[in-house]
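So that the names make sense, note that chain A is the first sequence line, chain B the second, and so on, each numbered from 1.
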There are 2 protein chains.
Amino acid sequence: MELFVRRLAAHSDLDAEERDAVLQLPVQLLEVRSNVDFVRLGEQIDHACLVAEGLVGKFGQTEDGRRQIVSVHIPGEMADLSSLMMPQAATALNSLSSTTILRVAHKDLRALGLRYPSIATAFWRSSVLDGAIVAQWLVNVGRRDARARLAHLFCEMAVRYRLLDQSDGRRYTLPMTQEQLGDALGLTSVHVNRTLQHLREEKLLRVERSAVTIMDWKALVRAGEFDTLYLQRPDL
Amino acid sequence: MELFVRRLAAHSDLDAEERDAVLQLPVQLLEVRSNVDFVRLGEQIDHACLVAEGLVGKFGQTEDGRRQIVSVHIPGEMADLSSLMMPQAATALNSLSSTTILRVAHKDLRALGLRYPSIATAFWRSSVLDGAIVAQWLVNVGRRDARARLAHLFCEMAVRYRLLDQSDGRRYTLPMTQEQLGDALGLTSVHVNRTLQHLREEKLLRVERSAVTIMDWKALVRAGEFDTLYLQRPDL
DNA sequence: GGCAACTCCTATCATATGTTAAAGACGGCA
DNA sequence: TGCCGTCTTTAACATATGATAGGAGTTGCC
């Protein structure tokens, strides 16, 4: 929860009272093992899901069962704040690894927004920033080849982990399988594997189990044409 | 402007006074010819752009100049309401055809939101719904083949035009070139052309100049695996 | 009314990525 | 310690889509 507040405060001004009010939000703990859809397509939602540990993917689905990950959420991020404004889920939430979730009731979030307008604004801004990331992924998937897509994703995740002080920016834990990486990038697991090896041979980065080690940040940024503009963090 | 209010009222409750307040918003008229970037990447924005006539594309860009359209906006839609919360443009705005824009100052929008909280909420919801469309596009581009992508896009636009009463749902004007369609779908203009012909041979739809005629709605929906869930308009 | 600039259409060829399948590696559980 | 399920890695082959280029229509401008 502190991570969530830190994240909000990183892009929106909140005074001590407001930060405290967010911290006081009642939550319900939920532990899910790997690969569980804990929010299903079309479901009517009355609570938002804050990631406390693990990794969550937001999934879109095609009729023949192929899945596309539309966003991933690391600890400290609210995976579906948007559900407040769109209570019928148009997208599923799935645990990419074993994960613990804090469920926050919509009514409490709404009450908080009414009481503290700057919190409402912070939530709104948060939705918008999430949207900017999705838009960037669309560029990535629509216009870049596999190598650039992977490089871009690893750059983005490095910055996002660093934002929450969960990494020094060179090394972080990303518990995704190659299949899941493929789902995020519009690729096959086979092709992800090929390309990952290529990136390793080039000495740009290494992925072992879930540990990502970036060996050449500048080259990786170049390979992924990565620009932090869309993350609104010029400094990182 | 009336169209914009109608759109807001379609998903958020606004009383007469609030609707009126939106209508009173001061605007600045801007006419742009086809293919002009009237908002550039990285620019600092202090106004939002409401489409009055024509068609606007939100573009992401790759270093070698390939472009990806991240969303298109028809008359009555605010193309970059999100700029209120993210004033540095991470995405460009380009006129897909000759277009007229109404510019609305951020400060006026902010003042309106402060004065009428339901308007602030309506804006927030509007951002979230826009985001849901982008997410769906990501699924489309990441996991469907060219035929399905095109079908999906044409279904979506039919519904969106119908929402604003600008079409009977079978026929509408979409002033996009095949190149621009390719930019929206992560395809080449050549392949768009091939696939469009295929769709015509199948008697699903016809596109002449800018006139889209849907010949077999149900088949088109099937081809694009189109489900209105993400548009939050179960009825259309 | 004619030139210039876009679009659209077609054809050929090139290639990145998908498909399928099977064999290792790894890791958790009994 | 050993087994079983999941994940990774390889290989051979298939195909959707890209690249390039040229011609034929349109459109709009002077």
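Put simply, the side chain of A/R149 gets close to the backbone of A/V141: a donor and an acceptor are under 3.5 Å apart.
DNA chain D is contacted by A/T177, A/Q178, A/V190 of residues 171-191 of chain A, taking any non-hydrogen atom closer than 4.0 Å. DNA chain D lies under 4.0 Å from at least one heavy atom of each of the following residues of residues 134-149 of chain B: B/D145, B/A146.
Inter-residue side-chain proximity for A/L96 and A/M176 is flagged as met; some heavy-atom pair is nearer than 4.5 Å. Between A/Q180 and A/T177, the closest side-chain pair of non-hydrogen atoms falls below 4.5 Å.
Per the geometry, CG belonging to A/L196 stands 14 Å off P belonging to C/dT17, to the nearest Å. Separating the CG atom of A/N193 from the C1' atom of C/dG18 is a distance of 14 Å, rounded to the nearest angstrom. Rounded to a whole Å, the CZ atom of A/R66 is 15 Å from the P atom of C/dT17.
For the residue pair A/Q136 and A/N140, no side-chain donor N or O sits within less than 3.5 Å of a side-chain acceptor on the partner.
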Would A/R66 and B/D145 count as a salt bridge (charged side-chain N to carboxylate O under 4.0 Å, His left out) if you check the C-alpha gap in whole Å, the side-chain angles of each, and the deciding distance to 0.1 Å? CA-CA 12 Å; A/R66 305 165 90 190; B/D145 66 13; over 6 Å; no
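Residues B/G60 and B/T91 approach most closely at N-OG1, 4.0 Å, considering heavy atoms.
Note on B/D37 versus B/R67: salt bridge recorded, some NZ/NE/NH1/NH2 to OD/OE distance being below 4.0 Å.
Remark: A/R147 CZ to A/L204 CG distance equals 6.0 Å, nearest 0.5 Å.
In this structure, A/E2 places its CD atom where only 12 or fewer heavy-atom neighbours from other residues, nucleotides or ligands lie under 6.0 Å away.
Between A/L93 and the choices A/D80, A/V51, A/V32, A/I101, the side chain to side chain contact (heavy atoms under 4.5 Å, CB included) rule is met once, by A/D80.
Taking a heavy-atom distance under 4.0 Å as the criterion, the stretch of DNA chain D touched by chain B extends 5' to 3' from D/dT17 to D/dT27.
Using a 4.0 Å heavy-atom cutoff across all strands shown, B/R194 reaches at least one base atom of the nucleic acid.
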